[in-house]
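Encoded as structure tokens, the structure appears first; notes follow it.
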Amino acid sequence: MQETDPILADLNPQQLQAVTCGNGPIIVFAGAGSGKTRVLTRRIAYLVERNGISPFRILAVTFTNKAAEEMRDRVEHILGRDLKGMWVSTFHSACARILRMDGDRIGIPRNFVIYDEDDQLTLIKILMKQIGAEEKNFDPRLVRMLFDQAKNKNEDIRSMADGILKSLHKRWYLQLCDLYDQEMHKASATDFGDLITKTAALLETNDEIRAAYRQRFNYILVDEFQDTNLAQYSLLKLLVNADQNLFVVGDDDQSIYHWRGANLANILNFEKDFTNAAKIVLGQNYRSSAVILDAAQAVVRHNRSRSDKSLFTTNKGGEKIKAYVADDEYDEARFAIREASDLIERRGVLPKNIAIFYRTNAQSRVIEEECVTSNLRYAVVGGLRFYERKEIKDIVAYCRLAINPDDSIAARRIINTPLRGIGAATEDRIQQYAALNGISFLSAAISIQEQGGFAKGLQNKIHQFLSMIGILSESAKSLKPSLLLKEILQKTGYEAFLSESKKIEDQTRLENINELLNAVYNFEKSFPEATIEDYLASISLMSDQDYFDPKNGAINMMTIHCAKGLEFDCVFIVGMEEGLFPHVRSLSSPQEIEEERRICYVAMTRARHHLFLSCARARRTFGNFRSNPPSRFLSEIPSSHLIRIGQVDSDEAFNDASQSDSFSRFKNKSIVGQRKTTYGEERISYGIEDLWPGRRVNHPVFGEGIVMHVEGRGEHLRVVIRFDVGGVKTVLAKFAKLEPL
DNA sequence: GACCATTTATTTTTT
DNA sequence: ATAAATGGTC
């Protein structure tokens, strides 16, 4: 009977134990690929179906919104019904929701906004200007970082003043703390950190509210527990009731967010705080080949602060890990793309099952260029996020201002966007007035206007601006999100401004705005009841992975942090060099090196069958060449598991498998002059041979024209075209789907 | 206040 | 190398 049981089928004894374990605190140590998600979803299904727990009593916390959505889908699929009332979300989303409902108890109005990193920084810069602290002497980003660190620990931001800050900086910092809190309060704004700490404060100070949530969430499940921070852990403890039905899943080897306040001590503390906790270890890896698993564990075993454990698999050996030492980053990109194409064309791998990982976002560019030249479809996960684009932030700022006139950061952002002749001097004047009278930016503008404080020409412009915002605020009260957005595009003149522009990038911006409209339509379809506030909250809490859509024919590119929780048949890890991975910033601290090593472990264990590692002998950083030795992590992989491909210098003793310390295998030889590389210069061009001056082409937007000039290469291939209608324009071949006629 | 030329920072990782 | 910030001129 058990084979067909959708809740208990195909579970190994430990998984079964975790799924069916009785009430009380439970900690599951789930190694990479050990079926953690399966255990979580089955556990929820088990609670609901077998223990008769109402979905309404369950809170499941995941690391991304996407993971949350997937988890809900899976449980609903197992049970064959909707689980309305069950909360599955990230810490941040859950807190935003709680504050939206009950934040008024601690002075947070229903229409509060969430300031992102950018908004925070803008505010800090304004405040620094106000107190006369010079950015040259005192980096606003340091202030932001200190705020963040304090909030991650659920401490007052003022507590960070002691320690690293010196007299003057300390004075400035303390002033900024007060002003920041004041301004955030005035603007009805919270930052990411506030979402957690304010929710904790709400529960802590309000017995009634705390009791209500404790009663409601009788079962709490937390995924990726190793990456929770102290504030989140405090919140959990406030939320958990006397039954202590807290089920956490984590793996200390996969803790890669220490810099964001994640605290491995939480795992230790859990066992201290909940001494009666059941402990379950999932030790079988179902994902990777034995070779890959073995290699990854060999690497992570070099960490000293780590609980000794090992994963096993019944998977057969598998292919060796392939290593390539490239000449430079372009050669490396050619290697990866060539191998990826080979996997697709010759071995029938679907592009969506291939991923290229890198340590830093900046590395994606060269690889993207190579994809373009090789005509290989790709998708970058993360990087410059959609909602961080200027045009999107502008439109979102109008939305924010429409629902919350006190949002001064939003007001300042768009008062002269599109250009309406209200310049920096005027802006400063309003800001000063606002600071002096302790009112918001918009109120200050209204005040000055009422007193007739603006010069004649200006007065008219300000009047128009203010009445427009007034109309939008009214609209925000009654219109659906999509209609409000449309009205904003029209009434602000933003749409007209862009479509009248001749610049090609403004055309792209217009496309992005249409994309935004689409996103809003989809949101309305999924949540017909949702308000504009809900939409704004949802977008500010989006994670990079939330945009990840593997259902297309493109290979995937992302940072390793972004790859957390994902898996692929074939994985490339590029830039395996000292100084890049492990990153320079970690080199001086053993703890940080160990975190880098865990990042490497996470990256390697994403792979099912094929793993490719590469490094470059030299690469350009900040415009000049640098030569990095191969990453220490390469030499921590047993040489029996590695095979080096591509051209090998005869003096690089590579075939000597007897070497156990294999670091020397990767030692750099000085490069003299130009060398032909295995992954040479010949390229499948992006139609460059099809585009020559004088040729007639068709552009999907601008119509037909004649090519005047072709310049650049790869991603930067630009084509100057004289269009039959509309004159001469320069377009990027990457975006413009040009069709030779 | 717009438009240019020059200078400066950028690269960890992100909810 | 390149994008953003700054500064000077009209």
Validation row: A/Lys198, A/Phe112 side chains within 4.5 angstrom (heavy atoms):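 Contact flag for A/Lys198/A/Phe112 side chains = no.
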For A/Tyr535, all residues meeting ring pair (Phe, Tyr, Trp, His ring centres under 6.0 Å), sequence neighbours excluded: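 Partners of A/Tyr535 by the ring pair (Phe, Tyr, Trp, His ring centres under 6.0 Å) criterion, ordered by chain and then number, come out as A/Phe523.
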Can you identify which nucleotide, out of [options], has its nearest atom closest to the [X] side chain?
| X | options | value |
| --- | --- | --- |
| A/Arg365 | C/dT2, B/dT15, B/dT14 | C/dT2 |
| A/Arg620 | B/dT13, C/dA1, B/dT11 | C/dA1 |
| A/Arg260 | B/dT13, C/dA1, B/dT15 | B/dT15 |

Could you state the atom-to-atom distance from [atom1] of [X] to [atom2] of [N] in whole Å?
| X | N | atom1 | atom2 | value |
| --- | --- | --- | --- | --- |
| A/Asp148 | B/dT13 | CG | P | 15 Å |
| A/Arg606 | B/dT13 | CZ | P | 19 Å |
| A/Lys125 | B/dA9 | NZ | P | 12 Å |
| A/Glu595 | B/dT13 | CD | P | 13 Å |
| A/Lys151 | B/dT15 | NZ | P | 18 Å |
| A/Met558 | B/dT14 | CE | P | 11 Å |
| A/Asn229 | B/dT15 | CG | C1' | 10 Å |
| A/Gln120 | B/dT15 | CD | C1' | 12 Å |

Would you say [X]'s side chain and [Y]'s backbone share a donor-acceptor pair under 3.5 angstrom?
| X | Y | result |
| --- | --- | --- |
| A/Glu332 | A/Gly575 | yes |
| A/Arg72 | A/Met86 | yes |
| A/Gln232 | A/Asn229 | yes |
| A/Asp327 | A/Asp331 | no |

First encountered from the 5' end of DNA chain B, between A/Thr621 and A/His92: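 The residue mapped nearer the 5' terminus is A/Thr621.
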Residue mapping more 5' on DNA chain B - nearest nucleotide basis, A/Asp139 or A/Thr360: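 Closer to the 5' end of DNA chain B: A/Asp139.
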Sugar-phosphate, base or nothing in reach of A/Phe91, heavy atoms under 4.0 Å: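 Result for A/Phe91 = nothing.
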Stem list, DNA chain B (Watson-Crick or G-U pairing under 3.5 Å, at least 3 consecutive pairs):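 Correct response: B:1-10 with C:1-10.
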Validation row, ring centre A/His463 to ring centre A/Phe454 under 6.0 Å: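 Not close enough - the centres of the two rings lie 6.0 Å or further apart.
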Centroid separation A/Phe612 to A/Phe357 less than 6.0 Å: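 No, the ring of A/Phe612 stays outside the 6.0 Å limit from the ring of A/Phe357, centre to centre.
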Per-pair stack call A/Trp259 and B/dT13, 5.5 Å, 30°: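 Here A/Trp259 meets both the 5.5 Å and the 30° conditions.
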Below 4.0 Å: OP1/OP2 of B/dT15 and any side-chain N or O of A/Thr64: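 It does not, given that no N or O in the side chain of A/Thr64 lies less than 4.0 Å from OP1 or OP2 of B/dT15.
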Under 4.0 angstrom between A/Asn361 side-chain N/O and B/dT13 OP1 or OP2: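 So the side chain of A/Asn361 is within the cut-off, an N or O lying under 4.0 Å from OP1 or OP2 of B/dT13.
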Shortest non-hydrogen contact from A/Ala563 toward A/Arg606: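 Answer, listing the atom of A/Ala563 first, then A/Arg606: O-CD, 3.4 Å.
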Under-3.5 Å N/O pairs linking protein and nucleotides 1-3 of chain B:
unit_1, atom_1, unit_2, atom_2, d
B/dG1, OP1, A/Gly421, O, 2.9
B/dG1, OP1, A/Gly423, N, 2.5
B/dG1, OP2, A/Gly423, N, 3.1
B/dG1, OP2, A/Ala424, N, 3.4

A/Lys237 atom NZ, over 12 foreign heavy atoms within 6.0 Å: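 Buried by this count: over 12 neighbours within 6.0 Å.
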